[in-house]
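The residues of the chain are indexed from 1 along the displayed sequence.
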Amino acid sequence: MTGAVPRLHPKARLQWDEVRHRDVLLYPEGLLALNPTGAEILRLCDGRRSVAAVAQALDERYGAAAVAPDVTAFLDALAAKGLVQFAASPDPAA
């Protein structure tokens, strides 16, 4: 799984919500309010980085070692809701 390349589903969008004063993930059926860590993970899911690369970027930025299991669990939960998709390799168009 750490080699998989996550990206948001085309119908999902990460954006700042002025009313809630937090990042949210918008999708056709609703809205998911995100904590700062979840928003940062999704910002790194650009279709080029693997799950391992996302975890490494978080480690480098915040000194948060051993976050790969948490990143994987978060992305798996969003994938189960159809909000994140995984590819076997990076998207050259991303």
Side-chain angles (χ1 to χ4, degrees):
M1 171 57 144
T2 58
V5 179
R7 72 176 310 137
L8 287 177
H9 185 282
K11 292 185 179 181
R13 183 177 68 217
L14 179 63
Q15 92 175 33
W16 178 256
D17 186 321
E18 288 294 331
V19 174
R20 291 173 179 81
H21 299 284
R22 66 189 317 166
D23 287 293
V24 296
L25 184 59
L26 298 174
Y27 55 99
E29 296 82 25
L31 171 144
L32 180 64
L34 299 167
N35 66 24
T37 305
E40 187 66 23
I41 291 169
L42 291 180
R43 279 189 199 90
L44 293 168
C45 294
D46 56 8
R48 294 184 308 243
R49 293 180 179 96
S50 66
V51 173
V54 169
Q56 181 179 356
L58 292 170
D59 181 23
E60 290 170 1
R61 287 181 191 177
Y62 305 108
V67 297
D70 294 329
V71 170
T72 299
F74 176 72
L75 294 174
D76 282 346
L78 291 179
K81 294 180 181 195
L83 300 174
V84 169
Q85 300 174 327
F86 294 101
S89 61
D91 180 355

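- With Leu32 as reference, Leu78 is the one residue of Leu14, Val24, Leu78 to meet the side-chain contact (heavy atoms from CB on, under 4.5 Å) rule.
- Taking the side chain as every heavy atom from C-beta outward, Leu75 and Leu42 approach each other to under 4.5 Å.
- Between the OG atom in Ser50 and the CD atom in Gln56 there is a gap of 8.5 Å [rounded to 0.5 Å].
- Nearest heavy atoms, Ala68 versus Ala55: CA-CB, 3.8 Å.
- For the pair Leu8 and Leu25, the minimum side-chain heavy-atom distance is below 4.5 Å.
- Contact record, Glu40 with Tyr62: CD-OH, 3.7 Å, taken as the closest heavy-atom pair.
- Under the 4.5 Å side-chain criterion, counting only non-hydrogen atoms from C-beta, Lys81 is not in contact with Tyr27.
- Going from atom CZ of Arg7 over to atom CD of Gln85 covers 8.0 Å, rounded to the nearest 0.5 Å.
- Screening residues 18-39 for salt bridge (charged side-chain N to carboxylate O under 4.0 Å, His left out), with sequence neighbours left out, gives Asp17-Arg20, Asp23-Arg43.
- Minimum heavy-atom separation, Arg49 to Val5: O-CG1, 3.4 Å.
- In this structure, the side chains of Leu34 and Phe74 come closer than 4.5 Å at one or more pairs of heavy atoms.
- With contacts defined as side-chain heavy-atom distances shorter than 4.5 Å, the pair Val51/Phe86 qualifies.
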